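Working notes, beginning with the structure itself.
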Protein chains: 2
Amino acid sequence: MKRIPLTATVIIAEAADLADETGFDDVTLSAIALRLSVQTPSLYSHVRDRAALLDGITALALSELADRVAVAIAGRAGRLALRGFAEAHRVYSLESPGRWQSLQRRAGTAAVESSAARCFVALTDALLLGYDLPPGERVHATRLIGSTINGFLALERIGSFDHSEPPPEVSWRTTLDALDALLRAWPTDTEKIHR
Amino acid sequence: MKRIPLTATVIIAEAADLADETGFDDVTLSAIALRLSVQTPSLYSHVRDRAALLDGITALALSELADRVAVAIAGRAGRLALRGFAEAHRVYSLESPGRWQSLQRRAGTAAVESSAARCFVALTDALLLGYDLPPGERVHATRLIGSTINGFLALERIGSFDHSEPPPEVSWRTTLDALDALLRAWPTDTEKIHR
DNA sequence: GGACTTTACCTAATGTGTGTAGACTGGCGT
DNA sequence: ACGCCAGTCTACACACATTAGGTAAAGTCC
């Protein structure tokens, strides 16, 4: 019985797989140890504690998602880039629900300061190049896009759309079209005169 | 030492308060028992198990939020109704983070089938009356609004906006204006011809 | 008003999970 | 060959969820 030597990377990868299978909240050191045919305390040589392990999953997910987004928007602009960006998120959230869930929480500094996080900012910025927005509005557009995409996927995941027709896919497409239309005709400041 | 008799309602209310103070994930039966000056197992006479307790918090939060939304959009239409609706959500999420968090998860049937849930659907529907959308598009608009609002609040809560200027409030206002503009000029089907 | 039931709490005990301390081992450099 | 040391183990302490069964007081029936 040959044993692959334990490393933080192996443990975190196993944890991420477990998260995808049973849900992020159910990731437990004992379960991971069992899957790696190891006693639970052995894990503590490589991982500080459970919080650090979960942060590891977050960092992993962030970097995986950034990779996917990068290839999804490469060579595209405008609506196509937006669709690629959004679709990459959605596919990831459906394929790897546990990993995706690990992103929906306040992350530890390790994850926040990772290179993947910085990469992500750059990618979202690149996405907006295809739409010409006043520089001061870029942040708001970024935040809006993030809110809508993440919000949609979150609601889809928790089943908010299960009790009405039609299936989420249809609304998803509509939502992306709406976002594109919005970015194309970004409301100018004059409109804010209303109160 | 007179003791207020334990009931499911009291326990759930205490749990909700605890959730607001220490975070939804940290709601523990022992902590609640301590706060109520009672032994942990005593709670089981009134609450089936932890899952049921959390569902109770969700149902409570749903009904509280529905109440707030109701007064926030009463007598308003269009942009003002949208703002009221959104603002009610935001205030709730900031005032009662734990309760709000309890809504960001797949809920048990008890919460889903509660009258508050049905009330909520009616309220959102009422909100859209002020914008005249083709009937088939109403669902999509509902889902889009929900996605964006919930998504924004979720990102704000986990600190996604902490690393860039300006403060979230500004983007929040912009986001609501954008949503309003979008609903006012809902993209017609012809626009979907692109691919 | 006494016997009984019900209610609402208790104590005791089990199982699972996190995390620490210290013993054991097998490969490595010298 | 010898000791070092990284990495694993066993043993343990503690927290929480949950079950079982006991007890005492309040309410109900005759």
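Residue numbers start from 1 in every chain, and the chains themselves are labelled A, B, ... in the order their sequence lines are given, proteins ahead of strands. Values below: all heavy atoms of this structure, side chains included; hydrogens, waters and symmetry mates excluded. The shown structure was predicted, so the numbers you read here are calculated from the model rather than taken from an experiment.
Across all strands shown, A:Thr40 has no heavy atoms under 4.0 Å from either base or sugar-phosphate atoms.
Among pairs with a residue in residues 39-48 of chain B, none fulfils side chain to side chain donor-acceptor pair (under 3.5 Å), at least two apart in sequence or across chains. Pairs engaging residues 54-63 of chain B under the side chain to side chain donor-acceptor pair (under 3.5 Å) rule: B:Asp55-B:Arg105, B:Thr58-B:Arg105 [sequence neighbours left out].
Residues forming a side-chain contact (heavy atoms from CB on, under 4.5 Å) with A:Ser171 (at least two apart in sequence, or on another chain): A:Phe152, B:His140, B:Arg143.
For the OP1/OP2 pair of D:dG7 and a distance below 4.0 Å, the side-chain nitrogens and oxygens of A:Ser42 include no atom meeting the criterion. For D:dA6, neither phosphate oxygen OP1 nor OP2 lies less than 4.0 angstrom from any side-chain nitrogen or oxygen of A:His46.
Taking atom CZ on B:Arg35 and atom P on D:dC16, their separation rounds to 14 Å, with Å as the unit. Rounded to whole angstrom, the span from the OH atom of A:Tyr44 across to the P atom of C:dG22 amounts to 17 Å. Look at CG on B:Leu36: it is 11 Å from P on C:dC10, rounded to the nearest Å. The interatomic distance linking B:Ile32 (CD1) with D:dT18 (P) rounds to 11 Å, in whole Å. Between B:Gln39 atom CD and C:dA12 atom C1' the separation is 11 Å, expressed in whole Å. Here the C1' atom of nucleotide D:dG7 and the CG atom of A:Leu43 are 12 Å apart, to the nearest Å.
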Derivation and outcome, side-chain contact (heavy atoms from CB on, under 4.5 Å), residues B:Val71 and B:Asp67
CA-CA 7 Å; B:Val71 322; B:Asp67 285 352; 5.8 Å; no
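Remark: B:Arg157 is not positioned above the aromatic ring of B:Trp100, lacking an NZ or CZ atom under 6.0 angstrom from the ring centre and at most 45 degrees off the axis.
Residues from residues 15-30 of chain A lying near DNA chain D, meaning a heavy-atom separation below 4.0 Å, are absent. Residues from residues 48-61 of chain A that place a heavy atom under 4.0 Å from any atom of DNA chain D: there are none.
Comparing B:Thr7 and B:Pro41 against DNA chain C, the residue whose closest nucleotide sits nearer the 5' end is B:Thr7.
Judged by distance alone, with hydrogens and angles left aside, the side-chain atoms of A:Asp20 form no donor-acceptor pair with the main-chain N or O of A:Glu95 at under 3.5 Å.
In the model, A:Thr148 has no side-chain atom that pairs as donor or acceptor with a side-chain atom of B:Ser147 under 3.5 Å.
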Could you pull out every donor-acceptor pair under 3.5 Å between side chains of residues 118-127 of chain A and any protein atom, sequence neighbours left out?
unit_1	atom_1	unit_2	atom_2	d
A:Arg118	NH2	A:Glu113	O	3.2
A:Thr124	OG1	A:Phe120	O	2.8

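Comment: B:Asp177 does not engage B:Arg173 in a salt bridge, judged by the lack of any side-chain N to carboxylate O separation of less than 4.0 angstrom.
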